[in-house]
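Below, chains carry the letters A, B, ... as their sequence lines are ordered, and counting in each starts from 1.
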Amino acid sequence: MLLIDVVRVSEAVARTPARLGKIGHLAELLGRVGPGEAEIAIAYLSGELPQRQIGVGWRSLQDLPGPKLAATATLTDVDALLTKIKSVSGQGSQAARKALVHELFAGLTSQEQAFMLKLLGGELRQGALDGVMIEAVAKASGAPSADVRRALTLRGWLPAVGAAALAGGVPRLKEFRLEVGRPVSPMLAGSAPGVAAALAKAGAPAALEWKLDGIRVQAHRSGSEVRVFTRTLDDLTSRVPELVEAVLALPVEDAVLDGEVIALRPDGRPHPFQVTAARTGSKIDVDRLRAETPLSVFFFDALRVEGADLLDLPYAARQERLAATVPPPLLTPRLVTDDVAEAERFFAEVVKAGHEGLVVKALSSPYAAGRRGAGWIKVKPRHTLDLVVLAAEWGHGRREGRLSNLHLGARDPETGGFVMLGKTFKGLTDELLAWQTERFLALADGPTTEWTVHVRPELVVEVAFDGVQRSPRYPGGMALRFARVLRYRPDKRAEDADTVGTVRALMI
DNA sequence: TTCCGACAGTGGGGTCGCAAT
DNA sequence: ATTGCGACCCCACTATCGGAA
């Protein structure tokens, strides 16, 4: 199949707003792709590469050669070149990689170049990712989408699942099973503004588990072999020896467990997330780091124990198997209750202990991987500040032509100026985007670049955030974590905004 | 007919490893 | 030694479609 065929379908999908329409376009193409190229087509059309990452980002995509006139590149040709690009590493590799990227683009028409640019830049934005592609694979293969979804849960990679479905339908999909050593798509949590709302969603009684601010881990053990995977199914094994040892010490030969690793201080309170991230992100000199910043692990689910798959069992039954497998110090603290007041007390307790919050879990829900359903609901405390808008950046995609991303500042009473604490684009409705674009242009003042409009510091905005973290980037040495706009405060002036001192007092 | 669950899009801060400067 | 880039960790929120109620 030619690349141009895929490009045309991608463009049609992007033009079609209706999901069913997108699915129709995708399924039509999947119906005519050959078995050798199905995986490539599915990957490209869901914005991914069969190679996953190839070490080429936006910077490596500058200064590309001009287009060819005739579209002759096949999917196989392009795939082979991408594999070659990925395989290049070592001294002088950047020049070699650049030459190969050059070669790739020189063989494409301008239409194909535009597509590859977006695909490699991770910005395909055609309104179809895994969720839509699952339906397209189902339609093209004749298999129920539930079977496709189930296979994806167990395999974690849709192009492989889709190719199998197209080649062999339901029987081939049924061959995907939970395998020790191969990661499963992890179950994710939705969110609720408070404990009571979360209990209402999950249905009482529900289980409340501590939410630890660390790294999600899926641990697989088969005999003396242990492997650990992250939320995105990357292998983390070599970076977390403590976890490997803990799993090897369990009284089972065969298990798949879900949990969180976190760096705790000697007094048992958690380090800031940055400390855990730095520790789990390092693969050099892990033994030395381990002595300085040991990791603890807390498990909260069991997907398989001694040959028995537990995914379809209700939460309560999985908990029983977990408790029978893992010693109490390695279990995530939890409480089962239907009493809102008791739940609120538990929430206050976990926050006081320095942790992130709670995850509220329905007792009956199976391990529904990959979807943020109502089975698990997270609850976190929320801070707010009144900050001053210092500048705004032009948006992209559906926010094109609107000033979108706000630069937020706290008042500095000593200098009379403002100290930038970070940016946010979250919480803005279309109406608010239109309003602020107009307002900011009227307030424009100071240096204005291609992307940024600086404004007179007059508008006060109420911002919610999860915490204040140490920052190497911003002048105050601190930044807001997960900042989002709640509302503008036309009733407040810049002199009424919160000060740097207030923010500093919130830093961990 | 209305409601609501699932999805895609729009980006945020921080850290590491690696290659180039 | 320092810097820039790419890849991953953590993530919140709104708009929209289409099936459920």
Side-chain angles (χ1 to χ4, degrees), chain A residues 14 16-23 46-47 52-62 88-97 120-135 149 188-191 193 201 212-217 230-234 236 239 260-261 272-284 289 356 370-374 378 380 382 393 395-400 402 404-408 421-433 463-474 478-486:
Chain A
T16 310
R19 287 216 178 91
L20 295 176
K22 291 177 192 286
I23 291 164
S46 41
R52 295 196 71 169
Q53 308 298 339
I54 60 167
V56 171
W58 65 276
R59 197 61 182 79
S60 322
L61 297 170
Q62 313 286 321
V88 171
S89 67
Q91 281 291 312
S93 61
Q94 245 164 52
R97 189 170 287 157
L120 295 180
E123 306 188 317
L124 195 54
R125 293 180 173 126
Q126 53 175 19
L129 296 174
D130 274 5
V132 170
M133 184 56 89
I134 285 170
E135 299 299 329
R149 194 174 286 278
L188 305 175
S191 60
K201 261 194 191 177
L212 306 173
D213 195 6
I215 304 290
R216 180 82 175 266
V217 284
T230 65
R231 196 169 84 80
T232 48
L233 313 189
D234 292 294
L236 195 70
R239 305 176 184 209
E260 190 94 0
V261 288
F273 174 73
Q274 285 157 302
V275 174
T276 295
R279 174 49 225 279
T280 56
S282 305
K283 59 181 175 189
I284 294 172
L289 290 171
E356 211 183 357
R371 309 184 96 168
R372 289 185 189 274
K378 59 186 163 190
K380 298 192 278 188
R382 195 188 72 174
E393 295 173 17
H396 301 86
R398 71 182 302 282
R399 291 192 176 188
E400 179 117 46
R402 301 284 167 80
S404 171
N405 201 3
L406 307 179
H407 295 197
L408 304 167
L421 294 173
K423 310 178 187 178
T424 183
F425 55 91
K426 298 170 185 162
L428 300 165
T429 60
D430 288 355
E431 194 185 355
L432 212 44
L433 284 165
V463 168
F465 59 100
D466 278 22
V468 180
Q469 55 192 355
R470 209 168 287 284
S471 170
R473 173 186 319 219
Y474 289 108
M478 50 191 184
L480 302 184
R481 190 159 179 224
F482 310 143
R484 60 269 189 190
V485 170
L486 291 180

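- Residue-level contact check: A:L61 touches neither bases nor backbone, having no heavy atom under 4.0 Å from any strand.
- Of the candidate nucleotides C:dC11, C:dG18, B:dG14, C:dC11 has the atom lying nearest to any side-chain atom of A:E356.
- Contact annotation for A:T230: backbone-only contact, meaning every heavy-atom pair under 4.0 Å involves sugar-phosphate atoms and none involves a base.
- Remark: P of B:dT21 and CD of A:Q91 are 11 Å apart, rounded to the nearest angstrom.
- Look at A:Q469 and you won't find any side-chain N or O under 4.0 angstrom from OP1 or OP2 of B:dG13.
- At the phosphate of C:dC13, OP1 or OP2 sits under 4.0 Å from a side-chain N or O atom of A:R484.
- Judged purely by atom type and a 3.5 angstrom limit, A:T276 has no side-chain atom pairing as donor or acceptor with the backbone of A:G214.
- Backbone-only engagement by A:A278 is indicated by non-hydrogen atom pairs under 4.0 Å involving sugar-phosphate atoms exclusively.
- When each of A:V275 and A:R125 is assigned the nucleotide of DNA chain B bearing its nearest heavy atom, the one mapping closer to the 5' terminus is A:R125.
- Along DNA chain C, the nucleotide nearest to A:A483 and the one nearest to A:Q94 differ in position, and the one closer to the 5' end is contacted by A:Q94.
- Contacts of A:S404 with the nucleic acid, taken as non-hydrogen atoms under 4.0 Å apart, involve only primed sugar atoms and P, OP1 or OP2.
- The distance from atom CZ of A:R52 to atom P of C:dG6 is 18 Å, rounded to the nearest whole Å.
- Residue contacts shown for A:S191 are absent, as no nucleic acid heavy atom lies under 4.0 Å away.
- Ranking B:dG13, B:dG14, C:dG6 by closeness to the A:Y474 side chain, first place goes to B:dG13.
- Considering A:K426, A:K423, A:H396 in turn, A:K423 is the only one that fulfils the side chain to side chain contact (heavy atoms under 4.5 Å, CB included) rule with A:N405.
- Within 4.0 Å of A:T424, counting heavy atoms only, lies no atom of the nucleic acid at all.
- Note that the CD atom of A:Q469 and the CD atom of A:Q274 stand 4.5 Å from one another [nearest 0.5 Å].
- The salt bridge (Lys or Arg N to Asp or Glu O under 4.0 Å) search around A:R473 returns none, not counting sequence neighbours.
- Look at A:R231 and you'll find a side-chain N or O under 4.0 angstrom from OP1 or OP2 of C:dC10.
- No cation-pi contact links A:R399 to A:F425, judged by a cut-off of 6.0 Å to the six-membered ring centre and 45° from its axis.
- For the pair A:L20 CG and C:dT16 C1', the computed distance is 13 Å after rounding to whole Å.
- Considering only side-chain N and O atoms, A:H396 lies under 4.0 angstrom from the phosphate OP1 or OP2 of B:dG11.
- The closest donor-acceptor contact from the side chain of A:K380 to the backbone of A:S191 lies at 3.5 Å or more, if one exists at all.
- Contact annotation for A:K22: no contact, since no heavy-atom pair falls under 4.0 Å across all strands.
- One can place CZ of A:R239 at 7 Å from P of B:dG17, the figure rounded to the nearest angstrom.
- Side-chain to base pairing of A:R19 with C:dC17: one donor and one acceptor N or O lie within less than 3.5 Å of each other.
- The side chain of A:T280 contributes no N or O atom lying less than 4.0 Å from OP1 or OP2 of C:dC9.
- Nearest nucleotide to the side chain of A:T429, out of C:dA12, B:dG11, C:dA15: C:dA15.
- For the pair A:W58 and C:dG6, the criterion of a side-chain N or O lying under 4.0 Å from OP1 or OP2 is met.
- Each of C:dA12, C:dC10, B:dG14 was ranked by its minimum atom distance to the side chain of A:R473; first place goes to B:dG14.
- Among the nucleotides C:dC10, B:dG12, B:dG14, the one closest to any side-chain atom of A:Q274 is B:dG14.
- Heavy-atom nearest nucleotides on DNA chain B were determined for A:A128 and for A:P472, and the one closer to the 5' end corresponds to A:A128.
- Within the structure, a side-chain polar atom (N or O) of A:Q53 is placed less than 4.0 Å from OP1 or OP2 of C:dC8.
- C:dA1 is paired with B:dT21 under the criterion used here, namely a Watson-Crick or G-U wobble arrangement in which both key atom distances are under 3.5 Å.
- Listed pair A:R149 / B:dC7 meets the phosphate criterion, a side-chain N or O lying under 4.0 Å from OP1 or OP2.
- Across all strands, A:Q126 comes closer than 4.0 Å only to sugar-phosphate atoms, never to a base (heavy-atom distances).
- Within the 4.0 angstrom heavy-atom criterion, only backbone atoms of the sugar-phosphate kind lie near A:D430; the bases stay farther away.
- Nearest-nucleotide assignment on DNA chain C puts the 5′-proximal partner with A:V485, out of A:V485 and A:P17.
- For the pair A:R279 (side chain) and A:R239 (backbone), a donor-acceptor distance under 3.5 Å is present.
- Contact annotation: A:K378 side-chain N/O to C:dA12 OP1/OP2 distance is under 4.0 Å.
- If you measure from atom CZ of A:F273 to atom P of C:dC10, you get 6 Å, rounded to the nearest angstrom.
- Taking side-chain N and O atoms only, A:N405 has a distance below 4.0 Å to OP1 or OP2 of B:dG12.
- Atom CD of A:E431 has 12 or fewer neighbouring heavy atoms from other residues, nucleotides or ligands inside a 6.0 Å radius.
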